[in-house]
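In what follows, a structure is listed as structure tokens, so that the remarks can point back to it.
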Amino acid sequence: MNKTPPVDLQTLLKQPTPDANGCFGPYGGQAVPPHLKAIMDDIAQAYLAIRQTTAYQDELMALYSHYVGRPSPIYHAKRLSAHCGGQAEIYLKREDLNHTGAHKINHALGEALLAKHMGKTKVIAETGAGQHGVAMATACALVGLPCEIHMGAVDIQKEHPNVTKMKILGATLISVETGTRTLKDAVDSAFEEYLKDPQNFFYAIGSVVGPHPFPMMVRDFQSIIGREAREQFLALKGALPDCVVACVGGGSNAMGMFSGFLTDLAVRLVGVEPSGRGLGLGEHAATLTYGKPGTMHGFHSYMLQDEAGEPQPVYSIASGLDYPSVGPEHSYLKDLGRAEYHAQDDAACLDAFMSLSRLEGIIPALESAHAIAWVMQAARDATPGTRFLVNLSGRGDKDADFVAERLGL
Ligand SMILES: *Cc1c(COP(=O)(O)O)cnc(C)c1O
């Protein structure tokens, strides 16, 4: 961070975001046709009204405690800290201990409850690796709403355990046979279904991306992570962490964590993206690190794009991180110099995955292992006494077989 923050950064960050147009500085917004804009505005209005009500607030908070198991603990990873030279302290926010094993349940419950309070009759979602699909299927089973998950036929083959879970949970699975039969085609298919009856259907986006109000809503649902973490850390250490770290795919777990510390300017905020297996076209998904501003999927943000402005193909060993754009609030925080973004590759991710497993008995999701990888390097170079707080976004059950095979265990 060699940029001097503008004098009014603190004031700027205290203003509620996004603005009335759904923008975070120059990013975000609603890059959609007028009839869709009207629908998005309806959702925004309904959300802003419902979130004020105690009925909604109380129901969501009760589910967070009694169903998800919140607050998730903060854990001092002493053996990992010692392994990294011992001068720095590494703490983990254990979102991996949530029901269903990751942070995604936080926004899935928020969205499902919102759909119910709005009187919707069906929730529609797309899923790539199946994590968002399982979280939505879980939340819909709980609130008693039909759930329809669109998933590329190729992904259905690859992600068998998640497909089985969604079926057991009662979701209708739509196998998408168009295009490359992966995530992007699933988004198109889900959206097409949604447009058949947007009055009665609810489209549940799985990260802080898409047109306004989704980046705001999903951030608000995930902000429970940052609120808890700040309070817990103060209670535990009597001070704030020096540096807060999270992996960034679409950016929801990172935004949830960062939101708790935004105006604490002494706390360094670090997002970690996947540099995959190289920096060539289609070999990584480090959007904020190597992309430039552009528009896709209804919003403006940093984006990995070709000359024509089309999304580039992306890759990461962690399928939850391979998205060619990123939440608009992250783009804003990057330009302001409030948050910094770094990349870690597949090899570093695998090393962190094994280190956390063998030093702490915690098997992380491959997504979260990117954040661990960055902190393992940073801890070695840190001044003595530096305290890092890493958001452990999910557990690695889903990745265990893959890693074992890859490493020949
Ligand atoms: C989906 C997922 C991610 C990436 O999504 P974000 O919106 O960037 O948080 C990270 N970790 C886990 C465990 C996931 O399932």
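Here the structure is a predicted model, which means the values were calculated and not measured. Order of listing sets the numbers, starting from 1, for every ligand and every atom in it.
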Notebook entry, point to check: Hey, are Lys122 and Asp197 close enough for a salt bridge, meaning a charged N less than 4.0 Å from a carboxylate O?
Noted result: no
Checklist line | N-O pairing of Glu340 and Lys334 below 4.0 Å | finding: no
Check: Between atom OG1 of Thr138 and atom NZ of Lys165, what is the distance when rounded to the nearest 0.5 Å?
Finding: 8.5 Å
Notebook entry, point to check: How close do Lys104 and Ala135 get, heavy atom to heavy atom, and via which atoms?
Noted result: CB-CB, 3.9 Å
Next item on the list: Run the salt-bridge test on Lys93 and Glu228 with the 4.0 Å N-O cut-off and return the result as yes or no.
Entry: yes
Report all N/O contacts between ligand 1 and the protein shorter than 3.5 Å as a table of atom names and distances to 0.1 Å; if there are none, say 'none'.
from, atom 1, to, atom 2, distance (Å)
ligand 1, 7 (O), Ser207, OG, 2.6
ligand 1, 7 (O), Gly251, N, 3.2
ligand 1, 7 (O), Ser252, N, 2.8
ligand 1, 7 (O), Ser252, OG, 2.7
ligand 1, 8 (O), Gly249, N, 2.8
ligand 1, 8 (O), Gly250, N, 3.2
ligand 1, 8 (O), Gly251, N, 2.7
ligand 1, 9 (O), His103, NE2, 3.0
ligand 1, 9 (O), Ser252, N, 3.4
ligand 1, 9 (O), Ser252, OG, 3.1
ligand 1, 9 (O), Asn253, N, 2.9
ligand 1, 9 (O), Asn253, ND2, 2.8
ligand 1, 11 (N), Ser393, OG, 2.8
ligand 1, 15 (O), Lys104, NZ, 2.6

Check: So do Phe191 and Ile124 actually touch side chain to side chain, heavy atoms under 4.5 Å?
Finding: no
